[in-house]
There are 2 protein chains.
Amino acid sequence: MPRTKNTSTEEKILAAAKTIFIEKGMDGARMQDIADNAGINKALLHYYFKSKEKLFEVIFKEGAEKLFSKINSILNSDLPLFEKIRLFSNEYAEIISQNPYLPLFVLNEMNKQPHSFLENIFGKNQPTFENLVKQIDKEIKKGTIKPVSPVNLVINMISLSIFPFVAKPVFQRIMNLDALQFGSIMDQRKTMNAEFIIASIKK
Amino acid sequence: MPRTKNTSTEEKILAAAKTIFIEKGMDGARMQDIADNAGINKALLHYYFKSKEKLFEVIFKEGAEKLFSKINSILNSDLPLFEKIRLFSNEYAEIISQNPYLPLFVLNEMNKQPHSFLENIFGKNQPTFENLVKQIDKEIKKGTIKPVSPVNLVINMISLSIFPFVAKPVFQRIMNLDALQFGSIMDQRKTMNAEFIIASIKK
DNA sequence: GCATATTTTAACCAAATGGTTAATAAAGGT
DNA sequence: ACCTTTATTAACCATTTGGTTAAAATATGC
């Protein structure tokens with residue numbers, strides 16, 4: 001049999017697990033489905049990753065990383081506020097466009113997994129938004145933006161970026177959009193989101 | 001045995017099913033857990049509701065109804081635009097405050113259940129936003145608001161209302177908020193959301 | 001009070017599922 | 001070539017799970 005030697009078994013398993021877990025979630029995913037999707041024997045899953053939970057942990061951790069790592073790095077960078085908002089919206093929209101089903105997966109599991117599991121994964125590396133907070137305070141004093149709490153600003157930016165993808169079937173239905181129309185609206189929003197946010201705080 | 005006669009068995013089942021399904025989702029929910037939560041024998045679930053899927057259908061339908069029915073009725077009412085935005089944000093925030101775990105449940109299942117299931121539940125009753133669209137066009141022509149697509153405006157309003165609850169564990173973690181702090185921020189947002197939206201479109 | 005219909009339960013069942021095992025195949029080292 | 005280690009597989013196992021059933025309890029109509 002012509003086995004593609006370049007993708008190792010472990011990589012095939014990870015790719016398959018990602019597909020299945022993100023589509024079905026921890027509870028809905030079946031080890032047999034992951035094995036089939038990877039084209040290997042089910043026992044290999046346990047040979048390489050010990051248990052379903054351990055395999056899930058790897059996939060979840062990677063997904064959470066992809067989803068959250070950029071938030072902090074951009075929002076705490078040294079860019080001017082409006083540029084920062086634009087960069088965040090654009091880059092973040094891009095990440096999510098490329099992984100449209102990732103947010104729902106991660107959010108869902110963060111709400112369902114026990115606290116101990118999350119603690120173990122996220123550990124103590126508490127992000128900090130000091131830079132952003134100072135920056136916003138300064139702009140408020142300068143009078144360039146209205147008084148706004150940094151927490152709510154961040155919540156708004158993230159909400160506008162992520163939620164449309166999480167609620168895709170809802171919006172498609174209530175607004176009667178086919179997949180193509182929905183896609184092009186999401187494309188518009190890549191630049192629009194930042195302008196919405198800026199307009200809402202600009203004085 | 002002193003059976004509380006006022007709550008019928010069927011009602012007890014529905015209440016328990018709601019609790020378990022919303023907490024665990026279709027895949028994670030166990031019929032035995034629902035029976036235990038209702039304090040009855042598992043066979044009664046099938047006696048009253050035939051199958052897990054049928055029971056789930058009832059709970060999901062009720063949840064989706066609660067979540068979506070008000071969107072249309074408010075957005076298509078005859079109120080002036082800004083009042084409409086305020087009413088929507090306030091009322092919708094209230095609904096979700098009172099059912100904080102409902103959105104994730106509904107969104108999750110809408111993404112996971114087969115198209116046929118959703119078609120069967122939502123049927124043909126296609127909501128229409130004609131009123132709102134005309135209203136927005138009029139305000140744009142009058143020059144009271146910037147040019148904005150109604151679709152994106154509605155997406156923004158709903159995103160800001162719902163997403164913070166869906167992503168509660170995320171926001172609590174990245175912003176280091178305890179449950180109380182988070183709750184008080186959500187309270188602020190009940191009125192803030194509308195002002196954000198209005199500020200973003202006002203000329 | 002009694003026959004009938006409805007409700008409830010304990011015990012049971014078959015299928016599915018995560019996980020294991022023992023044997024086989026392939027790779028690596030010498 | 002030969003031995004050892006690593007990788008892979010088919011068959012198997014125990015438990016869980018949605019669902020059924022037959023009998024018991026309760027309510028209903030007369």
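- Residue A:F49 is classed as having no contact, given no heavy-atom separation below 4.0 Å to the nucleic acid.
- A salt bridge does not link A:D137 to A:K134: none of the charged side-chain nitrogens sits closer than 4.0 Å to a carboxylate oxygen.
- By the 6.0 Å contact criterion, CZ on B:F117 is enclosed, its count of non-hydrogen atoms from other residues, nucleotides or ligands being greater than 12.
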>> side-chain hydrogen bond (donor to acceptor under 3.5 Å, both in side chains) for B:N90 and B:E94? Distances and angles first, verdict last.
In response: CA-CA 6 Å; B:N90 295 349; B:E94 196 56 43; over 6 Å; no

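- Contact check, B:R30 against D:dG18: a side-chain N or O comes under 4.0 Å of OP1 or OP2.
- Of the candidates C:dT8, D:dG18, C:dT20, the closest approach to any side-chain atom of A:A43 belongs to C:dT20.
- For the pair A:Q32 CD and C:dT20 C1', the interatomic distance rounds to 14 Å; values are reported in whole Å.
- Candidate nucleotides D:dT8, D:dG18, C:dG19 were compared by shortest atom distance to the side chain of A:M31, and C:dG19 ranks first.
- The listed nucleotides are C:dT8, D:dG18, C:dG18; the one nearest the side chain of B:L44 is C:dT8.
- Between the side chain of A:K52 and the base of C:dG19, no donor-acceptor pair of N or O atoms lies under 3.5 Å.
- Here the P atom of nucleotide C:dT7 and the NE2 atom of B:H46 are 17 Å apart, to the nearest Å.
- Remark: of the listed residues B:F56, B:F60, B:F49, B:F56 is the sole one forming a ring pair (Phe, Tyr, Trp, His ring centres under 6.0 Å) with B:F21.
- The nearest whole Å value for the distance from the CG atom in B:N41 to the C1' atom in D:dA24 is 12 Å.
- Atom CD1 in B:I34 sits roughly 12 Å away from atom C1' in D:dT17 (whole-Å rounding).
- Within 4.0 Å of A:A29, counting heavy atoms only, lie sugar-phosphate atoms of the nucleic acid but no base atom.
- Counting to the nearest Å, the C1' atom of C:dA25 and the CD1 atom of A:I40 are 16 Å from each other.
- Considering only side-chain N and O atoms, B:Y47 lies nowhere under 4.0 angstrom from the phosphate OP1 or OP2 of D:dT21.
- In this view, A:K70 and A:E91 satisfy the salt bridge (Lys or Arg N to Asp or Glu O under 4.0 Å) rule, not counting sequence neighbours.
- Straight-line distance from the NZ atom of B:K42 to the P atom of D:dT16: 13 Å, rounded to whole Å.
- Taking atom CG of residue B:D27 and atom P of nucleotide D:dT16, one finds them 19 Å apart after rounding to whole Å.
- A:T9 has a side-chain polar atom (N or O) that falls below the 4.0 Å cut-off from OP1 or OP2 of D:dT8.
- Atom pair B:D36:CG and C:dT8:C1' shows a separation of 15 Å (rounding to whole Å applied).
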